[in-house]
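Take a look at the structure below.
Numbers for residues simply follow the sequence, beginning at 1. Reckoned from all heavy atoms, side chains included, excluding hydrogens, waters and symmetry mates. Start at 1 and go down the list; that is how both ligands and their atoms are numbered.
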Amino acid sequence: MCGIVGYTGHDKAKDIIIDGLKKLEYRGYDSAGVALMEDGGIQVRKKAGGSGTGGIANLEKAVAKEKFRATTGIGHTRWATHGQPSDVNSHPHASYDGEIAIVHNGIIENYRELKDQLEKKYGIEFVSDTDSEVIAQLIRVLYDGDLEHAVRKAVKKMEGAYTFAAIAKGEPEKIVAYRKDTPLIAGIGKDCNFIASDMTALLQYIDDFYLIDNGEMVVETPDRIKILDPAGKEVTREPLKVTWNQEDAEKGGYSHFMLKEIHEQPKAVQETVSRRIGKDGKIVLDGIKLTLKDLKKFNKICIVACGTAYHAGLVGKYVIEQMARIPVEVDVASEFRYRDPFVDDKTLFIAISQSGETLDTLMSLREAKGKGARILSIVNVVGSSVARESDDVFYTWAGPEIAVASTKAYTTQLVCLYLLALYMADLKGTITREYYDEILSELKAMPARAKRVLKKADKIEEMAKLLYNRDQIFYIGRGIDSSLAYEGSLKLKEISYINSFAIAAGELKHGTIALMEPDTTVIALATQDRLFDKMYANVEEIKARHAHIVSIAKSGNKKIKKVSDDVITIPKCRDEVTPILSIIPLQLFAYYIARERGENIDKPRNLAKSVTVE
Ligand code: F6R
């Protein structure tokens with residue numbers, strides 16, 4: 001999705017901004033551009049081309065020979081909404097006379113109306129097909145030498161989601177930015193300041209930053225950051241420390257971010273668990289204030305999320321219901337928000353989101369909040385919108401996840417759900433202390449076990465070499481394994497583009513088994529001791545149709561070998577916690593298949609890391 005970077009200081013703005021834009025490439029984009037304050041004017045350079053088509057390299061090439069000296073500027077990576085990807089539709093957009101330039105994330109819903117007015121009243125000729133150009137033209141007609149005032153007047157006329165940054169030719173060292181619904185941070189540099197929509201753009205430049213709230217405006221010069229509330233009153237705010245480091249956002253010798261992030265899972269899980277164990281060996285939920293009284297009040301839990309985070313929610317349902325005995329509904333956010341769900345003040349609403357900015361998840365959260373629900377979120381990005389709008393926040397502490405395909409965020413979301421389930425169960429007294437201790441020690445053992453699973457990467461790579469040309473691959477499982485089947489299948493299709501389908505194994509005979517024929521490939525998750533005989537029977541049925549079967553099972557399971565062409569084992573553990581381990585072979589399998597097929601693994605086609613539009 002779109003990204004914003006801005007710099008005002010004493011160094012060359014062009015290099016810093018382009019470097020920041022490169023760090024935002026992972027989010028997905030189709031064009032990029034910069035606006036630089038150069039010799040008393042604003043110079044705009046922009047180029048179409050996203051991941052896989054030259055992208056920011058096109059822009060870099062276009063400006064390479066120009067010796068810009070500008071020390072203030074703004075830049076943008078665009079994900080087209082209004083108007084196809086093209087040079088002219090790329091950001092920044094300048095006003096008709098080049099006095100103002102802006103970059104924008106979001107959608108101006110009333111842009112047609114504003115455009116009509118600007119055309120009729122001022123005779124402005126628009127050059128792009130975008131909604132965003134309206135912002136530049138509108139600020140221009142309201143500008144009387146004070147950008148801050150013009151922006152304040154302009155936002156009163158706009159509707160929609162709009163976070164943007166503006167510069168004015170007449171105020172060469174100033175950036176004015178405004179936040180509405182999509183993220184914005186103000187980075188504190190040394191004799192310089194930054195703005196960005198995403199922390200990763202600034203990791204190498206800043207240690208401290210301000211989170212900008214909805215409706216707030218930031219006015220930056222090299223020596224000052226001024227934050228103004230919606231009424232125009234200056235706000236004093238403590239800066240926050242950057243908790244991610246630059247290495248976390250670099251490939252560190254791995255061929256892809258996805259592979260690096262898969263291998264980071266032991267560390268990420270370790271971090272998520274160890275921060276939550278108190279001196280007495282019991283769980284301490286930082287950021288969550290749930291009491292027994294609260295729990296007694298809730299008659300149900302709604303877990304709402306999208307994509308991979310939704311799949312984590314499916315596992316959450318099993319463990320919370322089983323351990324804490326509270327009914328749990330799980331919805332994809334885009335459905336939840338439009339189904340007028342039964343939610344009230346007796347509902348605990350759990351939003352799960354890596355980015356914390358997924359629009360459907362955020363809107364569902366607001367819907368539930370409006371109906372009185374208590375909002376708890378499991379989020380990776382500190383200070384993101386979902387986190388800020390929640391009553392309780394449980395951070396996954398997975399570090400930055402750059403690859404579009406989510407891996408370590410998923411495993412840490414699972415860990416958070418286990419911790420939450422155990423905590424609630426303990427408070428309610430629905431589990432024994434022995435069980436509590438046992439599951440907790442299983443969780444503590446997961447980093448070492450995950451490392452053992454990662455050692456099977458070579459074997460999985462070999463398997464991928466054999467199977468990468470298949471047209472379709474099915475994933476099946478029972479119980480908690482069926483949730484893993486969905487996630488494994490999503491991983492495969494999003495990065496390898498192989499048609500893939502996941503189904504609860506017991507459901508096969510109600511239709512889908514009709515598709516099984518010689519050479520059909522099936523990944524069978526058979527990690528649940530409790531359901532193993534049933535699962536075995538399902539795999540046998542498929543084997544009878546001569547499908548190629550790869551099973552994921554606990555180590556020591558000899559029986560499954562009889563009906564499988566290949567078996568990947570995970571270390572022995574209790575049924576409840578297998579997902580933390582069994583997802584790893586599925587992630588590696590998807591990765592190696594996509595690599596064999598030569599796909600753009602970290603930035604798959606048509607996908608963005610953070611989906612901030614509907
Ligand atoms: C798949 C993937 C997506 C995200 C989904 C939600 O690998 O990454 O399905 O899980 O877009 O994103 P967040 O978690 O940021 O809300």
Are [X] and [Y] within salt-bridge range, i.e. N to O under 4.0 Å?
| X | Y | result |
| --- | --- | --- |
| K289 | D392 | yes |
| R374 | D294 | yes |
| R337 | D360 | yes |
| E401 | K408 | no |
| D286 | R276 | yes |

Results of side chain to side chain donor-acceptor pair (under 3.5 Å) for Y205 - residues two or more places apart only =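 Per chain and number, Y205 pairs via side chain to side chain donor-acceptor pair (under 3.5 Å) with D19.
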Can you list every pair where an N/O of ligand 1 is under 3.5 Å from an N/O on the protein?
unit_1   : atom_1 : unit_2 : atom_2 : d
ligand 1 : 7 (O)  : T308   : OG1    : 3.3
ligand 1 : 7 (O)  : S406   : N      : 2.8
ligand 1 : 7 (O)  : K491   : NZ     : 3.0
ligand 1 : 7 (O)  : E494   : OE1    : 3.1
ligand 1 : 7 (O)  : E494   : OE2    : 2.6
ligand 1 : 8 (O)  : V404   : O      : 3.2
ligand 1 : 9 (O)  : T308   : N      : 3.2
ligand 1 : 10 (O) : T308   : N      : 3.1
ligand 1 : 12 (O) : T358   : OG1    : 3.4
ligand 1 : 14 (O) : Q354   : N      : 2.6
ligand 1 : 15 (O) : S355   : N      : 2.9
ligand 1 : 15 (O) : S355   : OG     : 2.6
ligand 1 : 15 (O) : T358   : OG1    : 3.3
ligand 1 : 16 (O) : S353   : OG     : 2.6
ligand 1 : 16 (O) : T358   : OG1    : 2.4

